[in-house]
J.: 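There's a structure below that I have some questions on.
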Amino acid sequence: MHEKCGVVGISLRDRDAARPLYYSLYALQHRGQESTGIVTHDGFQQHSHVEMGLVSEAFEEGDLEPLNGSNGIGHVRYPTSGGVNNCCAQPFSVSFKSGSLGLAHNGNLVNTKAVRDELAGLGHAFTSEGDTEVIAHDLARNLLEADLVRAVKRTMNRIHGSYSLTVMHDETVMGVRDPKGNRPLCIGELEDGYVLASESAAVDTLDGGIVRDVRPGELVVLDPNGTGFESYQLVDAETTAHCFFEHIYFARPDSIIDGELVYEVRRELGRSLWEESGIETDVVMPVPDSGRSFASGYAEAANEAQRVSESASGVEFAEGLMKNRYVGRTFIMPTQDERERAVRLKLNPIRSTVEGRTVTIIDDSIVRGTTSTQLVELLHEAGAEEVHVRIGAPPIVAPCYMGIDMASREELIAADRSVAEIRDEIKADSLSYLSIEAIAGALGRTETDLCLGCVTGEYPYDIEGERTDREVTRPTGQPSGADD
Ligand code: AMP
C-alpha cells in the first residue's frame, strides 16, 4: 500500500477544532483526493467523520457540527493505482482499555508484515491490509504498559520506514516524524492554539505562523488546552532521508519544508536546468502546473546568459499550454488509454505561441512518459518547428516504496531506457533531465541525507528485493519491552 497523504492535528484553547481542521484539509487536498476525515475529542469521547472523496464532497453542511471538542486530527488520502479503496480511509480510530486512539499517517512502513504477524499472534484482529492499523494496534498495546512518551518510543523502535503521523490519545494530540524525516511535518502557532501539519501552507490558511519543522525522530505533544507543546527527541538516526520528490512535485510551492520554500527550490532547479542543458529556443513554456516554477527559473537564467553574451533579444516565457483545471491528476486513470485521453483533456496548446517556432517545454518529472509523448505530438500538430523537453528531476528509474504512487518498474519509461532512447520514444528534438547533484545543491544537503531511491534504485531503508544505499539495522522481532 503506497500512501501519499496529508495529515493535520490541532489543539485549541476554547473553540472547536473541526472547522480549522476542515480548512487545513482543504489546504492539503493536493496530497490526497481519495478520502478524507476528521476525528475530534471533546474530553469525554471521540467524534469522527471519515468519507471517500474530496474534502468538498466528503463534508456536507452540518457534518462539522457534531465533531465537538477543541482537539482533533485530520487526513487526506492519496489514490492508489488500484483506484478507490474503502478500507483505508483515515484517520483510523480504535478504543481500547486505556482510552481511545486516533491516527493519521503519511508514508509507508517497510516492515508492516513482521509487526502485523507478531501482533496477530498475540490476538490482535486486523480489519485492513494497511500499515496504519498496525501502528495503531502496536501503540494501543504499548499504552497499556507504559506512559505516552515511552509507548510512542517503543512503537517507533518497532516500525520502520516512512511515517509522519498525527495521533490523538484521548484528547491529547501529537505529531511524530520517522527518524529519517522522510515525509514532512511542521508545527504552527495560532492565536488560540497549536497545529501540526504536513505542509506549512495549511498553517498559513489558518492565519497561523510556522514555529518549525518536527525533527526527524521527534515526538511533539500538544497541550490539550492549546497553550503550548512539549518536544521529545525519541530516536536518532545517523542520516536523514528526506524525500527530494516532495520538493520537485508533491508539495505546494508556497510551503516551507525542512526550512526551504518549495517555490524557491523549484526556481533554483530551473536555473540549474538551464546551466546544465540550456538550448537556444524561441519560447520557453511550462507544463502547468507542476512545471511553472522550474520554467520561470529556467527562462530567467536563459535571459541572464543571453544578456551577458549580448546575443539575440532574449527568450520569451509564455504560458502556451492551457490547463483544464477540472481534470484531476492523470494518475487516477487506471489504463494507459484513459491516461492518454486525460492528458488531451487536461492540456491544450495556444497555437499562436508555438506556430513556426522552436519551443522548449519544462516539466518537473517524467514517470510513464505519457504526458511528454502527448505534448510533443500536440505541439508539433500546432505547428511547432522543434520541441525540446527539459525535466526538473533526474530520470525516474525505480518505484517509490516510501509513499509516492509512482508506478511500477515495468511502467517507468526510464527504468530500462537511456535518455537518448527516451527522447526517441517521446519524439522530442532533444531531451535533458536534471542531475542529482543539482538537486542536493538546491536543497543544501548531501545526497546521503536524501531519499533518492526512485532515481538511483538504492533506498535508505531495507526493502526486500531492492538495494540499499546505507547501513540499515533490521527492525523485526524485538520484544517491545526491551527497546525503551
Ligand atoms: P507521465 O505522464 O506518466 O510521464 O507523468 C508525468 C507527469 O505526471 C508530470 O507532469 C508530473 O508533474 C506528474 N507526476 C509526477 N509524479 C506524479 C505522481 N506521483 N502522481 C501524479 N502525478 C505525477
Side-chain angles (χ1 to χ4, degrees), residues 1-6 29-34 76-83 106-108 162 183 243-253 262 266 269-270 273 285-295 321-325 327-347 361-379 389-415 417 419 421-423 425-428 431 433-434 451 453-455:
M1 199 119 350
H2 294 214
E3 295 188 23
K4 185 73 187 70
C5 309
Q29 185 75 84
H30 62 290
R31 298 185 69 86
Q33 301 94 45
E34 186 182 272
V76 284
R77 184 170 188 277
Y78 194 64
T80 58
S81 36
N106 172 204
N108 207 45
S162 152
R183 295 283 147 224
C243 167
F244 81 96
F245 207 67
E246 286 277 351
H247 298 270
I248 299 279
Y249 170 74
F250 216 78
R252 281 171 55 148
V262 173
R266 289 184 188 164
L269 292 174
L273 196 54
M285 51 178 68
V287 178
D289 295 314
S290 49
R292 273 208 184 107
S293 337
F294 294 90
L321 289 164
M322 278 304 117
K323 183 176 168 179
N324 177 341
R325 71 175 74 170
V327 181
R329 293 187 168 179
T330 48
F331 274 58
I332 37 184
M333 311 292 155
T335 66
Q336 187 57 23
D337 207 41
E338 281 173 272
R339 269 192 288 273
E340 283 167 19
R341 165 84 12 220
V343 175
R344 192 67 189 88
L345 273 174
K346 199 161 150 181
L347 295 167
I361 53 170
I362 317 263
D363 204 355
D364 65 300
S365 58
I366 296 181
V367 182
R368 296 176 173 85
T370 316
T371 309
S372 19
T373 308
Q374 293 266 309
L375 282 181
V376 171
E377 193 185 324
L378 272 174
L379 290 167
V389 180
R390 294 292 176 271
I391 300 296
I396 294 171
V397 298
C400 175
Y401 296 92
M402 310 336 303
I404 295 194
D405 185 15
M406 190 79 96
S408 63
R409 249 196 193 85
E410 303 75 65
E411 294 170 308
L412 292 170
I413 194 168
R417 287 180 186 82
V419 174
E421 285 168 337
I422 301 169
R423 179 201 60 214
E425 182 95 15
I426 67 173
K427 300 197 171 65
L431 166 69
Y433 289 90
L434 193 62
C451 179
C454 62
V455 294

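Ligands are counted one by one from 1 in listed order, and the atoms in each one are counted from 1 as well.
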J.: Return the set of residues passing salt bridge (Lys or Arg N to Asp or Glu O under 4.0 Å) with Arg417 (not counting sequence neighbours), or none when no residue passes.
T.: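 With sequence neighbours excluded, Arg417 shows a salt bridge (Lys or Arg N to Asp or Glu O under 4.0 Å) to Glu425, given in chain and number order.
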
J.: How does Phe250 reach ligand 1, if at all, at less than 4.0 Å between non-hydrogen atoms: by side chain, backbone, both, or neither?
T.: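 Near ligand 1, Phe250 shows nothing, with every heavy atom at 4.0 Å or more.
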
J.: For residues Val367 and Leu412, determine if any side-chain heavy atom of one lies less than 4.5 Å from a side-chain heavy atom of the other.
T.: yes

J.: Among Thr371, Ile248, Ile426, whose heavy atom sits nearest atom 7 (C) of ligand 1?
T.: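 It is Thr371 whose heavy atom sits nearest to atom 7 (C) of ligand 1.
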
J.: Counting only heavy atoms closer than 4.0 Å, does ligand 1 sit against the backbone of Ile404, its side chain, both, or neither?
T.: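 It is the side chain that gets close, since no backbone atom is under 4.0 Å.
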
J.: Sequence neighbours excluded, which residues qualify as side chain to side chain contact (heavy atoms under 4.5 Å, CB included) partners of Cys243?
T.: Asn182, Arg183, Phe245, Glu246, Ile404

J.: Using distance alone, decide if ligand 1 has a nitrogen or oxygen within less than 3.5 Å of any nitrogen or oxygen in Gly369.
T.: yes

J.: Evaluate the side-chain contact (heavy atoms from CB on, under 4.5 Å) criterion for residues Ile366 and Leu431: first the C-alpha distance (whole Å), next the side-chain angles of each, then the deciding distance (0.1 Å), finally the verdict.
T.: CA-CA 11 Å; Ile366 296 181; Leu431 166 69; 4.1 Å; yes

J.: Would you mind running through ligand 1 and noting each atom that sits below 4.0 Å from a heavy atom of Ile366?
T.: 4 (O)

J.: Give the contacting part of Ser290 toward ligand 1: side chain, backbone, both or neither, where contact means a heavy-atom distance below 4.0 Å.
T.: side chain

J.: If we set the cut-off at 4.0 Å for heavy atoms, which region of Asp364 has an atom near ligand 1: side chain, backbone, both, or neither?
T.: side chain

J.: Quick one, Ile248 and Phe294 - any side-chain contact, counting heavy atoms below 4.5 Å?
T.: yes

J.: Are the side chains of Glu377 and Lys427 in touch, meaning some heavy atoms are under 4.5 Å apart?
T.: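 No. Closest side-chain heavy atoms not under 4.5 Å.
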
